[in-house]
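Everything below concerns the one structure shown next.
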Amino acid sequence: MSVSTNVVKSFKAGEIVMRQGDDGDCAYIIEKGRVEILLEQPGGSVQSFGTRGEGAIIGEMALVDGAPRTATVKAIEDCEFLAITSKDFEKRLESADPIVRMTAHVILTRYRDTLMRAQITGENKAWTLSESIELSYSGTSSAVERIKLANELKAAFDNGDLHLNYQPIIDMSTGKTAGFEALMRWNHPEKGPISPAVFIPSAEETGLINVLSQWALRESCTALKRIENRSGQTGKLFMSVNFSGSDFGVEGFADSLYNVISETDIQAHQLHIEMTERVLMSHPEKTKKVLQMCTDAGMHISIDDFGTGYSSLSYLHHYPINTLKIDRSFVIDMVEDEGSKVLVKSIINLGKNMGMDIIAEGAETVEQVEALRSLGCDMIQGFYFAKPMAEKDAADFVSPGGAGAQTALA
Ligand code: C2E
Ligand code: CA
Ligand code: CA
């Protein structure tokens, strides 16, 4: 076995390799020699739990969490081990193929759960540990926290605990609401609201994102239809839905969009597909093909967080893009910083020259709104006009007499 970055450690016969209850931050693969596994019982007696030889792995729970060693390991011959630190393991897992990564996460979590259950119920007397060790399981490493979050997110989705909020986007030429962006929300029963900036990356890591995206798509288009019905308007408002890079690689992705449009009875131009520049650049050919199919069918494509990725407008004309969304960071700085203002101005001008609409994100003050309007920005999405809101409030917002049916522009 050759893992060049891992350290080889030697132990003489009779030496203790690891001690039960001590902190462990690495596992060992036995390259040479044999070890004995010893379990200290609460009364102080020591029980042998067998021996391990070449090729076996010991102390592997250190790769799952930061809990203390669950057994003592003693070299019974001169030994050589390959040490794998939890940091190294995490790094390798992160760079692994997503399927391998997810499978490893699931197996490790189940392994840990089985072990915990055995300890708590005493199913297997050999695994009974002292109370102090059991209690210290509350402190887990970030890897375990991430696995836990991913599992909880999956359960939350299965239980219907995720929902969407809708943030209005205001047309600067009319002062009316042009459409909404659908934003996912997760209210954790113990931890309270968890930001999508935290749980979306987790969903991307485990592959759950594709299911979440499809759910958000169907749910938001259905909501748009209900909002239209409640507010008495048809075919005017758009719904902007966020998609992640891997969504574009899912077989039949464009078909799923057509199907939802047809089943929810909205018009194709009402669906705006949001994706970041990064996604565009990471799978250029595949994404281009999918986007072409979408625009041919009449849907709109929006580039999200524009300016934060490759900051180059030159590649944009290769793609069928309808809208650029200028990232909030530029909008925040533009009133005080002339450089940011110049940048916003050039994004607006170049985008418009290429026939695109411009949406500025995250305007919170009257000064920002005024500055954006003077630069010719088409639409604004920001707390100045409205925060993301529940579907019912979104319907009221755009109903006749509602705050978003006719906003007071600066
Ligand atoms: P985003 O796509 O850039 O969404 C806009 C974010 O800016 C939202 O944060 C929104 O609440 C926030 N925002 C809008 N106006 C203002 C403002 O005036 N001030 C401030 N401080 N914030 C403003 P949110 O809802 O927390 O979402 C964070 C990110 O999570 C989103 O950024 C998006 O990248 C991701 N996300 C949310 N929902 C979904 C989803 O359904 N699918 C995917 N793939 N990603 C999502
Ligand atoms: Ca977005
Ligand atoms: Ca954005």
Side-chain angles (χ1 to χ4, degrees), residues 166-183 236-242 269-270 272-281 291 295 299-389 397-398 403-410:
Y166 303 96
Q167 188 176 23
I169 298 170
I170 308 302
D171 184 331
M172 297 308 287
S173 64
T174 62
K176 296 183 199 305
T177 303
F180 295 95
E181 176 175 4
L183 294 159
K236 292 198 191 88
L237 297 165
F238 66 77
M239 183 57 74
S240 214
V241 184
N242 291 283
H269 70 86
Q270 291 181 280
H272 289 202
I273 295 160
E274 279 198 26
M275 58 187 299
T276 61
E277 293 168 86
R278 248 173 273 272
V279 170
L280 210 56
M281 298 307 290
L291 294 185
T295 42
M299 298 168 221
H300 279 226
I301 312 294
S302 296
I303 301 301
D304 201 0
D305 304 341
F306 190 77
T308 60
Y310 291 82
S311 304
S312 157
L313 283 157
S314 59
Y315 66 88
L316 286 182
H317 70 271
H318 295 300
Y319 298 89
I321 293 160
N322 304 92
T323 307
L324 293 183
K325 296 188 77 174
I326 302 178
D327 190 66
R328 189 169 91 87
S329 53
F330 300 108
V331 174
I332 292 172
D333 292 344
M334 67 179 287
V335 175
E336 265 116 52
D337 174 25
E338 195 53 34
S340 293
K341 193 169 175 180
V342 170
L343 206 71
V344 170
K345 189 175 174 194
S346 53
I347 294 175
I348 292 175
N349 290 344
L350 275 160
K352 291 185 102 164
N353 285 341
M354 286 195 270
M356 297 172 193
D357 284 333
I358 311 291
I359 299 178
E361 295 191 291
E364 293 186 3
T365 66
V366 67
E367 290 80 13
Q368 289 165 346
V369 170
E370 190 43 51
L372 287 162
R373 192 154 69 141
S374 72
L375 295 178
C377 182
D378 300 298
M379 285 172 262
I380 293 184
Q381 173 183 357
F383 291 177
Y384 175 76
F385 290 111
K387 290 190 171 180
M389 56 183 82
F397 192 79
V398 291
Q406 187 62 64
T407 61
L409 287 177

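When reading the values below, keep in mind they use all heavy atoms of this one structure, side chains included, and skip hydrogens, waters and symmetry mates. All residue numbers refer to positions in the sequence shown, counting from 1.
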NE2-CE distance between H317 and M356, expressed to the nearest 0.5 angstrom: 9.5 Å
side-chain contact (heavy atoms from CB on, under 4.5 Å) between H300 and I321, worked out: CA-CA 7 Å; H300 279 226; I321 293 160; over 6 Å; no
Student check: side-chain heavy atoms of L372 and I358 closer than 4.5 Å: no
Derivation of the side-chain contact (heavy atoms from CB on, under 4.5 Å) call for I380 and I359: CA-CA 5 Å; I380 293 184; I359 299 178; over 6 Å; no
I301 backbone acceptor or donor facing N322 side chain under 3.5 Å: yes
Any donor-acceptor pair under 3.5 Å from T407 side chain to G404 backbone: no
Sub-4.5 Å side-chain heavy-atom contact between V369 and M172: yes
Heavy-atom pair of closest approach, residues I347 and F306: CG2-CD2, 3.8 Å
Nearest non-hydrogen partners of I332 and Q368, listed with the distance: CA-NE2, 3.7 Å
Charged N-O contact under 4.0 Å between K325 and E361: yes
Closest contact, heavy atoms only, A371 versus M334: CB-CE, 3.7 Å
Salt bridge (Lys or Arg N to Asp or Glu O under 4.0 Å) assessment of K387 paired with E364: CA-CA 10 Å; K387 290 190 171 180; E364 293 186 3; over 6 Å; no
Side chain to side chain contact (heavy atoms under 4.5 Å, CB included) partner of R278, chosen from T308, D304, D305: T308
Partners passing ring pair (Phe, Tyr, Trp, His ring centres under 6.0 Å) against Y166 (at least two apart in sequence or in another chain): none
For D171 against M379, the heavy-atom pair lying closest together: CA-CG, 3.9 Å
Check ion pair K341-E336 (N to O, under 4.0 angstrom): no
Residues Q167 and E181: side-chain donor-acceptor under 3.5 angstrom: no
Q406 and K176 side chains, donor-acceptor separation under 3.5 Å: yes
T323 and I303, any side-chain heavy atoms less than 4.5 Å apart: no
Heavy-atom pair with the smallest gap, counting every atom of P168 and T177: CB-CG2, 4.0 Å
L316 and L280: CA distance, side-chain angles, deciding distance, side-chain contact (heavy atoms from CB on, under 4.5 Å) verdict: CA-CA 9 Å; L316 286 182; L280 210 56; 4.2 Å; yes
Side-chain heavy-atom pair S302, F238 within 4.5 angstrom cut-off: no
Donor-acceptor contact present, side-chain E370 to main-chain V366, <3.5 Å: no
L183 side, atom CG; S240 side, atom OG - distance, nearest 0.5 Å: 9.0 Å
K345 NZ to L350 CG distance, which is reported to the nearest 0.5 Å: 11.5 Å
side-chain contact (heavy atoms from CB on, under 4.5 Å) evaluation trace for I170 with Y384: CA-CA 10 Å; I170 308 302; Y384 175 76; over 6 Å; no
Salt bridge (Lys or Arg N to Asp or Glu O under 4.0 Å) contacts in which one or both residues fall within residues 376-386, not counting sequence neighbours: K352-D378
Side-chain (E277) to main-chain (G307) donor-acceptor, under 3.5 angstrom: yes
Gap between atom CE of M354 and atom CG of L324 - 0.5 Å precision: 7.0 Å
pair D333-L343: side-chain heavy atoms closer than 4.5 Å: no
Min side-chain heavy-atom separation H272-V241 under 4.5 Å: no
Close side-chain approach of V344 to L375, heavy-atom, < 4.5 Å: yes
Non-hydrogen atoms of V331 and A363 that approach each other most closely: CG1-CA, 3.9 Å
Side chain to side chain donor-acceptor pair (under 3.5 Å) between Q270 and K236, intermediate numbers included: CA-CA 7 Å; Q270 291 181 280; K236 292 198 191 88; over 6 Å; no
